[in-house]
Novice: 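Take a look at the following structure, please.
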Amino acid sequence: MSRRFSVVSKPLFLLLILTLLTSCTTEVTLTLKADDSLAIRFEGGAREAFTKMISSASGLAGDSLVDPDSVSFELAKAGFADVKVEEKAGAAVTISMSDKAKSSYIFSSGILKAEKGKLKAAITRKSLEDFYNNADEQTRMTLDLFLAPVFNNENMSEEEYLEMLGSFYGEAAAKEVSQSLVKINLISKDGSKETLTYPLTQVFCGNF
């Protein structure tokens, strides 16, 4: 529990906040390029309750979710290239970057695989746990904000998770999470596309 509650006092690296934010649908597009590098684009944002929570936790002014310069620096340090971070009005954030060697924890966790020019996702409880464990400290701290049982080796129903989230952050935040989806677009080298959509609660509880 101490790990969860101490996170708000530390600087936040919002690398994956977009895949796990509480907009109605957050979209992640992963494209395998001709040179075998991976292009990554996150598009999403947070609604009112979580915008206030993230802004307060990060110490950013107003309703800002990210410090683009800081996030770009941390992503580059983590091995991503061509990083571009933009925040627009309404707490909407876009991050684009590339994983040129396919060596990031997106791959090392087993969540994503590239075989014979095809992208495949393997989103399971284990791959989510491995993603968390392989990620850098700042990404783990960000994920800890959501108290997700899958990252803490806990078994919890989605209803139990929302009840816990509501008791800690309030019912408005729990409702935002309950209504949120994560959409993942996988574009292979030949241009073929596969789209996966998951309720955010399913991801956080590891119910696959």
Side-chain angles (χ1 to χ4, degrees), residues 1-28 42-67 70-71 74 87 90-93 95 105 109 111 123-184 197-208:
M1 296 294 282
S2 60
R3 181 189 67 191
R4 288 176 171 176
F5 298 154
S6 64
V7 63
V8 294
S9 65
K10 299 178 181 179
L12 296 177
F13 170 34
L14 301 178
L15 165 60
L16 286 174
I17 204 77
L18 299 182
T19 58
L20 304 173
L21 269 178
T22 52
S23 58
C24 291
T25 302
T26 292
E27 192 162 356
V28 186
F42 298 89
E43 298 176 88
R47 283 179 279 177
E48 183 177 1
F50 264 85
T51 295
K52 290 180 179 178
M53 183 270 288
I54 295 166
S55 296
S56 175
S58 63
L60 295 172
D63 290 334
S64 182
L65 290 176
V66 297
D67 177 342
S70 296
V71 174
E74 293 292 344
E87 182 171 17
V93 183
I95 297 179
Y105 37 78
S109 65
I111 280 182
I123 300 176
T124 65
R125 185 177 184 89
K126 185 180 187 306
S127 66
L128 287 168
E129 290 174 354
D130 289 345
F131 177 90
Y132 177 89
N133 291 327
N134 292 342
D136 60 273
E137 182 182 4
Q138 299 297 325
T139 295
R140 291 195 300 270
M141 286 194 296
T142 300
L143 295 175
D144 283 344
L145 283 171
F146 293 92
L147 313 180
V150 70
F151 301 130
N152 293 285
N153 196 27
E154 298 176 24
N155 292 312
M156 190 178 293
S157 71
E158 293 172 42
E159 291 77 12
E160 290 171 331
Y161 168 63
L162 289 171
E163 183 178 351
M164 177 190 69
L165 200 68
S167 67
F168 189 71
Y169 287 125
E171 291 304 316
K175 184 177 180 181
E176 288 178 2
V177 171
S178 73
Q179 297 173 340
S180 299
L181 300 172
V182 177
K183 181 178 179 181
I184 304 171
T197 303
Y198 300 100
L200 189 59
T201 52
Q202 181 183 0
V203 174
F204 281 156
C205 292
N207 293 336
F208 295 96

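Along the sequence shown, residues are numbered consecutively beginning with 1. Everything numeric in this text was worked out from a predicted model, so none of it was measured.
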Novice: Looking only at heavy atoms, which two atoms of Tyr161 and Phe146 are closest? And how far apart?
Specialist: OH-O, 2.7 Å
Novice: Kindly compute the distance separating OH (Tyr105) from CG (Asn134), expressed to the nearest 0.5 Å.
Specialist: 10.0 Å
Novice: Taking the six-membered ring for Trp, are Phe208 and Tyr198 closer than 6.0 Å centroid to centroid?
Specialist: yes
Novice: Could Asp144 and Arg140 be called an ion pair, given the rule that one side-chain N must be under 4.0 Å from one carboxylate O?
Specialist: no
Novice: Write down the atom of Phe151, the atom of Leu128, and the distance for their closest heavy-atom approach.
Specialist: CE2-O, 3.5 Å
Novice: Are Leu162 and Ser178 side-chain neighbours, meaning at least one heavy-atom pair lies under 4.5 Å?
Specialist: yes
Novice: CD of Glu129 to OG of Ser109: how many Å apart, nearest 0.5 Å?
Specialist: 11.5 Å
Novice: Measure from the side-chain N and O atoms of Glu160 to the backbone N and O of Ser157, and report whether any donor-acceptor pair falls under 3.5 Å.
Specialist: yes
Novice: Can you tell me how far CD of Gln179 sits from OG1 of Thr201, rounded to the nearest 0.5 angstrom?
Specialist: 11.0 Å
Novice: Look at Lys175 together with Glu171 and state whether they make a salt bridge at an N to O cut-off of under 4.0 Å.
Specialist: no
Novice: Identify the two heavy atoms, one from Met164 and one from Met156, that lie closest to each other, and give their separation to 0.1 Å.
Specialist: SD-CE, 4.1 Å
Novice: Find the distance between CD (Glu27) and NZ (Lys183) and round it off to the nearest 0.5 Å.
Specialist: 4.5 Å
Novice: So how far is it from Leu165 CG to Glu158 CD, rounded to the nearest 0.5 Å?
Specialist: 12.5 Å
Novice: Could you please spell out the steps behind the side chain to side chain contact (heavy atoms under 4.5 Å, CB included) verdict for Cys205 and Val150?
Specialist: CA-CA 5 Å; Cys205 292; Val150 70; 6.0 Å; no
Novice: If we only count heavy atoms from C-beta on, is the Phe131 to Leu143 side-chain gap below 4.5 Å?
Specialist: yes
Novice: In sequence, state the C-alpha distance, the side-chain angles, and the governing distance for Leu181 and Thr26, and then conclude on side chain to side chain contact (heavy atoms under 4.5 Å, CB included).
Specialist: CA-CA 6 Å; Leu181 300 172; Thr26 292; over 6 Å; no
Novice: Quick one: are Tyr169 and Leu147 in side-chain contact, heavy atoms under 4.5 Å?
Specialist: yes
Novice: List the atom of Arg125, the atom of Asn153, and the distance in Å for their closest heavy-atom pair.
Specialist: NH2-C, 4.1 Å
Novice: Begin with the C-alpha distance, continue with both residues' side-chain angles, and end with the deciding distance and a verdict on side chain to side chain contact (heavy atoms under 4.5 Å, CB included) for Ile184 and Ile123.
Specialist: CA-CA 11 Å; Ile184 304 171; Ile123 300 176; 3.4 Å; yes
Novice: Return yes if some donor-acceptor pair links the side-chain N/O of Gln202 with the main-chain N/O of Asn207 below 3.5 Å, else return no.
Specialist: yes
